[in-house]
Amino acid sequence: MTKKRKRQDDFQKVKLKVGKKKPKLENATVTNFKTKTIHLPEQLKEDGTLPTNNRKLNIKDLLSQMHHYNAGVKQSALLGLKDLLSQYPFIIDAHLSNILSEVTAVFTDKDANVRLAAVQLLQFLAPKIRAEQISPFFPLALADGSSRLRESEGLQEQKENPHATSNSIFINWKEHANDQQHIQVYENGGSQPNVSSQFRLRNLVGGLGSVDEGLSSTENLKGFIEIIIPLLIECWIEAVPPQLANSFGNGIEREPLQVMQQVLNIISLLWKLSKQHDENHKLESWLRKNYLIDFKHHFMSHFPYALKEITKHRRKETNKSIKHCTILSNNVDHLLLNLTLSDIMVSLANASTLQKDSNWIEMIRKFVTETLEDGSKLNSKQLNRLLGVSWRLMQIQPNREATESLIKAVYTLYQQRGLILPVRTLLLKFFSNIYQKEELRSYRFRYRSKVLSRWLAGLPLQLAHLGSRNPELSTQLIDIIQTAAARANKELLKSLQATALRIYDPQEGTVVVLPAESQQCLVQLVYFLPSLPADLLSRLSRCCIMGRLSSSLAAMLIGILHMRSSFSGWKYSVKDCLMSDVDYFSFLFSTLTGFSKEELTWLQSLRGVPHVIQTQLSPVLLYLTDLDQFLHHWDVTETVCHSLLVIPARSQSFDVLQNAISKHLVGFTVIPDSTAGCVLGVICRLLDHTCVLSETLMPFLASCCYSLLYFLLTLEKGEAEHLRKRDKLWGVCVSILALLPRVLRLMLQNLRVNRAAPEELPVVGQVLRLLLQHAPLRTHMLTNAILVQQIIKNITTLKSGGVQEQWLTDLHYCFNVYVTGHPQGPSVLNTVYERGTMALPV
């Protein structure tokens, strides 16, 4: 067979026949298979025994990563551990031993980022661990950290100087972890000291509060300064060789700046110590004479100092937290360094040496002004130095132009948003000190800074915006405002007047959201307001009656308003624009009622609720207030009543009061029990022989009396809250009935018992019996004997269908004893009022 024939055999075409199925292809895909799913619920479940962080790592995983050779993995584990412990604090107690041992192991890691992350984790854990929890582990952690730190420092020292022997006497762990401690202080340093010094290193265990005995005198301090200052200057000279001086324009590397920072810190401490001994400025002159030239040459020749930026090609960090830690550990606070140097230098100058020191003082002034105005965020330590230098510069050069430029620069920083509380507090104290210093000057030489006036004028609005978000800062603002207001600062008083409606808002105003001490200062500020318009008085009244101010503060506020009114009795009359008499009386009446017009209107729609006492014999229904509101209203009313009593024209003030009651209260049906009682009490206190009671007011008073008596007689013994109102309400009812016999007669005339429900008849009988028994009312009851007899007859007629009850027998007995004088019937009144109800004072 030929090759062609074989090729044709390989590619034969299958012939299809009619009526037969098409044969399946050899490479056809089978599609009739079935599938089943495999479930692995237990294997896919997360470890439920230990919680995990955002990266799904539990405490064991994170602690195991502490041993990784890669520094980034260890740092990420520390940050993840901090995140996990912040979400699940209970892990700390369960794994405290493992956490402390692993964290202290990396505390002296060779990588600065790992050390910083370990410090941050320990700072996070410190407040969350009790002393008794950590005490068993503290010796172990301290020994571990100390041994590792000595080992690492000793190896480094041996590499640099194999023949040197050292005994480290002090190690700052935090600075070492932040990679900021490269200079160690060694005792003797392997050789004997050349100078026989009488000074010794201070024992740091006792803290820094006390001064070493060797530096307690001025002469000893001078001797110590003469020894230490040259050594510190030499340290700085050695840290920055002369060949590097040309590169200062581009900044200095981190290590020399760290040396300079330590040098300047020591000098600054010495300067502070010298001020404690320098009462006559003799030591200041000595320091200037001996060290000003050296400081100008070695320190000020390249001022201000900046950190030299070294560009290195590094692997890009993906973790933002790691990047942040790197920045913190490698940066040097060159701003604080420059400010420390400025503080040292300006302390060597004064107003008399200004011309000699003008060059370097101008450098410092320019640096300070630019720092204040560049908009950078400063921490409290930096700002404290900055403001101290600014204050000293204003003392050295006290002219108007220089002072105003510095104040303006500080005000630029003050206007920044989002300043933290310590920074804002320092700025407030700075401006406050400047203001007080200006006020201490004589009026002839006093200079009003425009920037300072603008700052003062903005304080009330800041206080209104701040509110209770930061009570401490609000308190500082109030103190400054009060000081300036007491000194009649026009700009501040004008701003305070414009902001008063917001500050004294009864709902969300500053006066009602701050603590009591701050509230008292704000209440006292009302005395200094230029005017007291009606809308402001309305808000002050609401503050008094809503309970947002205590009753004592409300009394203080009412007393202040009385002092500012025309009725205060001042020799010179108060200006008409301050507060009108009509507004003052409106304030007193609004405070007396205890409720606003809107609230009283809303009460009229209440019917059939437990808080409303309803009787068929009086058109006045009582709304029961809670006890705290009742007592607060009662106490405030006492102060209002006193203010009305001291008004010289008693009859006129009484007429104003009763007209206001007739206009604003008589038309209402539902009256709060505290309002009814306070109105009756004020009428009793103000009424004298010169006052004439209005005819339209008497029916209202009579209805209030009966409604209050009905409320007191229907109280259950279990209602302890309302039982405490009993004595106050009973006293005012009896007083008004004894003082105004016509009100008593009107109340008796309204007792039409045929309209009363059967269950109210015993209450009417008890009211009559109590009035008959009360001695101050007995004369008036005898005057109305016929009317009382008719009421008793009507009650007897209504109850004639059954057996006479005990309360009716007692009523007949009292009427016969106190009115006719002839007791009838066998029953004797053994109990006065105790049966079935509470006992009222007789």
Next on the checklist: Quick one: does any side-chain atom of Ser432 pair with a main-chain N or O of Leu428 as donor and acceptor, under 3.5 Å?
Outcome noted: no
Item to check | side chain to side chain contact (heavy atoms under 4.5 Å, CB included) assessment of Lys381 paired with Asn384 | outcome: CA-CA 5 Å; Lys381 192 173 183 180; Asn384 190 33; 5.8 Å; no
Checklist entry - Run the side chain to side chain contact (heavy atoms under 4.5 Å, CB included) check on Cys543 and Arg548 step by step: do they pass? => result CA-CA 6 Å; Cys543 290; Arg548 305 296 293 272; 5.9 Å; no
Next on the checklist: Quick one, Thr371 and Asn338 - any side-chain contact, counting heavy atoms below 4.5 Å?
Outcome noted: no
Item to check | Check: Phe224 and Leu270 side chains under 4.5 Å, non-hydrogen atoms | outcome: yes
Checklist entry - Can you tell if the side chain of His67 reaches within under 4.5 Å of the side chain of Lys74, non-hydrogen atoms only? => result no
Next on the checklist: Side chains of Gln261 and His334 only: does a donor on one sit below 3.5 Å from an acceptor on the other?
Outcome noted: no
Checklist outcome for this item: For Phe367 and Leu335, the nearest pair of non-hydrogen atoms, with its separation, is CZ-CD1, 3.7 Å
Item to check | Over 12 foreign heavy atoms within 6.0 Å of NZ, Lys377 | outcome: yes
Checklist entry - Which atoms form the tightest heavy-atom contact between Leu426 and Ser380, and what is the distance? => result CD1-O, 3.4 Å
Next on the checklist: On a heavy-atom basis, which atom in Ala117 and which in Gln75 lie closest, and how many Å separate them?
Outcome noted: CB-CG, 4.0 Å
Checklist entry - Checking Arg392 side chain against Val346 main chain: does a donor-acceptor pair fall under 3.5 Å? => result yes
Checklist entry - Any side-chain donor-acceptor pair under 3.5 Å between Ser518 and Thr475? => result yes
Checklist entry - Are any side-chain N or O atoms of Ser274 and backbone N or O atoms of Trp271, one a donor and one an acceptor, separated by less than 3.5 Å? => result yes
Item to check | Residue pair Leu466 / Gln462, side-chain heavy-atom distance below 4.5 Å | outcome: no
Item to check | Arg115 vs Asp109, salt bridge (Lys or Arg N to Asp or Glu O under 4.0 Å): CA-CA, chis, key distance, verdict | outcome: CA-CA 6 Å; Arg115 297 198 301 269; Asp109 193 87; over 6 Å; no
Checklist outcome for this item: Between Phe430 and Leu387, the two heavy atoms sitting closest are CE1-O, 3.8 Å
Item to check | Short side-chain donor-acceptor distance under 3.5 Å, Arg385 and Ser390 | outcome: no
Checklist entry - Could you give the distance from OG1 (Thr340) to CD (Gln382), rounded to the nearest 0.5 Å? => result 9.5 Å
Next on the checklist: Would you compute the distance between atom CG of Leu264 and atom CG of Leu269 and round it to the nearest 0.5 angstrom?
Outcome noted: 11.0 Å
Item to check | Atom pair OG1 (Thr510) and CG (Leu522), whose distance is rounded to the nearest 0.5 Å | outcome: 6.5 Å
Checklist entry - Can you name the one residue among Leu57, Leu81, Asn58 that meets side chain to side chain contact (heavy atoms under 4.5 Å, CB included) with Leu63? => result Leu81
Item to check | Reported CG-to-CG distance for the pair Leu459 and Leu477, which is rounded to 0.5 angstrom | outcome: 6.0 Å
Next on the checklist: Working note: Leu456 + Ile480, criterion side chain to side chain contact (heavy atoms under 4.5 Å, CB included); need CA distance, chi angles, decisive distance, verdict.
Outcome noted: CA-CA 8 Å; Leu456 278 173; Ile480 299 172; 4.2 Å; yes
Checklist entry - How about Leu125 and Leu85: do any of their side-chain heavy atoms sit closer than 4.5 Å? => result yes
Checklist entry - Does any non-hydrogen side-chain atom of Gln120 lie less than 4.5 Å from one of Leu116? => result yes
Checklist entry - Is the backbone N or O of Phe299 less than 3.5 Å from a side-chain atom of Tyr305, with the two atoms forming a donor-acceptor pair by type? => result yes
Next on the checklist: Check the orientation of Tyr411 and Phe431. Use parallel for under 30°, tilted for 30 to 60°, and perpendicular for over 60°.
Outcome noted: perpendicular
Next on the checklist: Between Asn98 and Glu102, do the side chains contain a donor N or O and an acceptor N or O under 3.5 Å apart?
Outcome noted: no
Checklist outcome for this item: Value for CD (Gln519) from CD1 (Ile478), rounded to nearest 0.5 Å, stands at 9.5 Å
Checklist outcome for this item: Heavy-atom closest pair (Asp505 atom, Val512 atom, distance to 0.1 Å) is O-CG2, 3.7 Å
Next on the checklist: Distance alone, cut at 3.5 Å: any donor-acceptor contact between the side chains of Arg469 and Ser474?
Outcome noted: no
Item to check | Heavy-atom closest contact (Leu553 atom, Ala516 atom, distance) | outcome: CD1-O, 4.1 Å
Next on the checklist: Can you tell me if Glu373 has over 12 outside heavy atoms packed within less than 6.0 Å of its CD?
Outcome noted: yes
Next on the checklist: Using 0.5 Å steps for rounding, measure from the CG atom of Leu100 to the CD1 atom of Ile92.
Outcome noted: 10.0 Å
Checklist entry - Would you call Leu383 and Leu413 a side-chain contact if the rule is heavy atoms closer than 4.5 Å? => result yes
Next on the checklist: For a 4.5 angstrom cut-off between non-hydrogen side-chain atoms, does Ser76 reach Arg55?
Outcome noted: yes
Checklist entry - How far apart are the C-alpha atoms of Asn379 and Val423, what are their side-chain angles, what is the distance that settles it, and do they pass the side chain to side chain contact (heavy atoms under 4.5 Å, CB included) test? => result CA-CA 7 Å; Asn379 57 42; Val423 171; 5.6 Å; no
